[in-house]
Amino acid sequence: MSQHGTAIESPTAALADPRTADNVAYDPSLATLREFAREGETTTEYGSPSYTSEHRSRNADRTENALDTEFGPADYEHVERVVEAAGDREMVCLDRKLGRHPDNTYVCRYYVPKEFSRIALTWANLFEPAPDGADPDFTTVQVPDADEVAIRVLPEEGFTAVRGTDYTGEAKKSFLRLFMFDAKRQGGLGLHAGTKRVRLEPGDGETGDAETDEEADLETVGQVFLGLSGTGKSTLTAHGLGLDEPEDATMLQDDVCALRPDGTVAGSEGEGLFIKTIGLDREEQPALYEAATHESAVLENVDVDEDGTVDFDSDAHTANARAVVRREHLPSADEEIDLESVDQVFFITRNPAMPPLAKLSPEEAAAAFMLGESVQTSAGDPSSAGEAIRVVGTNPFIIGSEGEEGNRFRDLVADLDVDAYLLNTGTVGDRDIGVDDTVTLLREVSRGRIEWADDSTTGLTVPDAVPGLDVSRFDVGDALDDADEHIADLREERRDYLAEFDDLDEEIRAAVY
């Protein structure tokens, strides 16, 4: 190893074997990790552990990867310092399995100082145990008490150095970032998205590719939801859509997946989900609430009294309060994490100039992917929470050309004959789109029972008739003041934004809506 960060051997090779290293507690049980973290725990009324971290969101502005940025001595020194810490300090090391698809399964090795075992406990609840004796595909070393915040990623080596932050999300996303990167190298695309499978009794409507379930004789619709953290992605992915047996809607993944060239969607997290808890309500989100109040959950930065009383409505620590919940205690979660075939893709937005639902062409879908319009959440930048934001693919973890990601997305959607939709979960003008409204739209688009028409105000294809919903109250031209002028300005902003991506195909730029 260089003493000045000017050169570095493979950081993974420089780490001692954790199975035999004297300073490493290798693969301790969850119970042991909780005992290691006992000093910082507040035990909730449900018997689950709750912790408070110093850092309460990701440090996107302190994150660099060696493919998109030319690393210099200071960057390699960050890597060098975490490797040295892993060799010198008392550490905990865990191996976990990421994904189950034969071509998208990885062994992840995570190191953190023993006094920060709460991070290891929280992270370990997300992923399944790795096979015994397996070597890691991806490695992360996190040193939360370093004197500087820096996240440095070596994609080709599968290595991430996390310094100066004790936020669990940095550990989680360090591996999911590389999962998505490898999906792209295989000709697919990593997506910051949730997936669900909807099974319906055969009817008059068309339901995507409509595979027939041999046991229940149900038609299957595979759905993918793209959206930033905290914008309703988990809620919609987990929602049962008000279906009655034998019909059902089950969540497969809620955060990161890989769209493969054959139309399958590989999942990533096999054991748990890292959900936002602010405003978590038993009535509106019963499945998530049940899982978050189970004794197996791990709470992070949730307001918990000394007597264990949990207040999900409080943002005393942060609006980005979180819980890792176990899939086995989430009624809406399926045992499987891979989607066999994708039929419908939804872009979640909260733009008041957009209809509650719009059907997109492949080029429009790629434009929506590139625009990635949403609102900033406390998971990204707490100081800007609530402000309008654009993030390509609603995915702040892209490695490589963003324009090429848009081209790839367009090609995959077109080749796989996937229906793409824009889904507004906020307001149209000042008219709120309720959860029940969105659920009705999702249920009926799954059934293929929506009648479509061209909207003269937005130029989009929008619902003209929806069973059980009066969509006329969400007419953009009627609900939005000075709608034509507003849409014209918005379209010009979008054109200017897409012009920034040199690698983006012209057909996608021209499809801006």
Visitor: Looking at residues at least two apart in the chain, or sitting in another chain, which of them share a ring-ring contact (aromatic ring centres under 6.0 Å, His included) with Phe159?
Guide: none
Visitor: Restricting to side-chain hydrogen bond (donor to acceptor under 3.5 Å, both in side chains), what partner residues turn up for His294, sequence neighbours left out?
Guide: Ser296, His329
Visitor: Applying side-chain hydrogen bond (donor to acceptor under 3.5 Å, both in side chains), name anything that partners Lys196, two or more places apart in sequence or on another chain.
Guide: none
Visitor: Please, which pairs that meet salt bridge (charged side-chain N to carboxylate O under 4.0 Å, His left out) have at least one residue in residues 391-408, sequence neighbours excluded?
Guide: Lys184-Glu405
Visitor: Using side-chain hydrogen bond (donor to acceptor under 3.5 Å, both in side chains) as the criterion, list what pairs up with Asp311, not counting sequence neighbours.
Guide: none
Visitor: Under the ring pair (Phe, Tyr, Trp, His ring centres under 6.0 Å) definition, can you give me all pairs with a residue in residues 38-71, not counting sequence neighbours?
Guide: Phe71-Tyr76
Visitor: Do any pairs count as a salt bridge (charged side-chain N to carboxylate O under 4.0 Å, His left out) and have a residue in residues 17-41, sequence neighbours left out, and if so which ones?
Guide: Asp17-Arg19, Asp27-Arg96, Arg34-Glu41, Glu35-Arg38, Arg38-Glu41
Visitor: Going by an N to O cut-off under 4.0 Å, is there a salt bridge joining Arg163 and Glu77?
Guide: no
Visitor: Apply side-chain hydrogen bond (donor to acceptor under 3.5 Å, both in side chains) to Ser174 and list each qualifying residue two or more places apart in sequence or on a separate chain.
Guide: Thr140
Visitor: Side chains of residues 236-246: which donor-acceptor partners sit under 3.5 Å, not counting sequence neighbours?
Guide:
| residue | atom | partner | partner atom | Å |
| --- | --- | --- | --- | --- |
| Thr237 | OG1 | Lys233 | O | 2.6 |
| His239 | ND1 | Leu241 | N | 2.9 |

Visitor: Excluding sequence neighbours, so at least two apart, what forms side-chain contact (heavy atoms from CB on, under 4.5 Å) with Pro331?
Guide: Ala287, Glu290
Visitor: Can you sort out the partners of Pro102 under side-chain contact (heavy atoms from CB on, under 4.5 Å), two or more places apart, ordered by chain and number?
Guide: none
Visitor: Provide the closest heavy-atom pair for Ser268 versus Ile337 in the form atom of the first, atom of the second, distance.
Guide: N-CD1, 4.1 Å
Visitor: Which residues satisfy the side-chain contact (heavy atoms from CB on, under 4.5 Å) test with Asp307, sequence neighbours excluded?
Guide: Asp305, Thr309
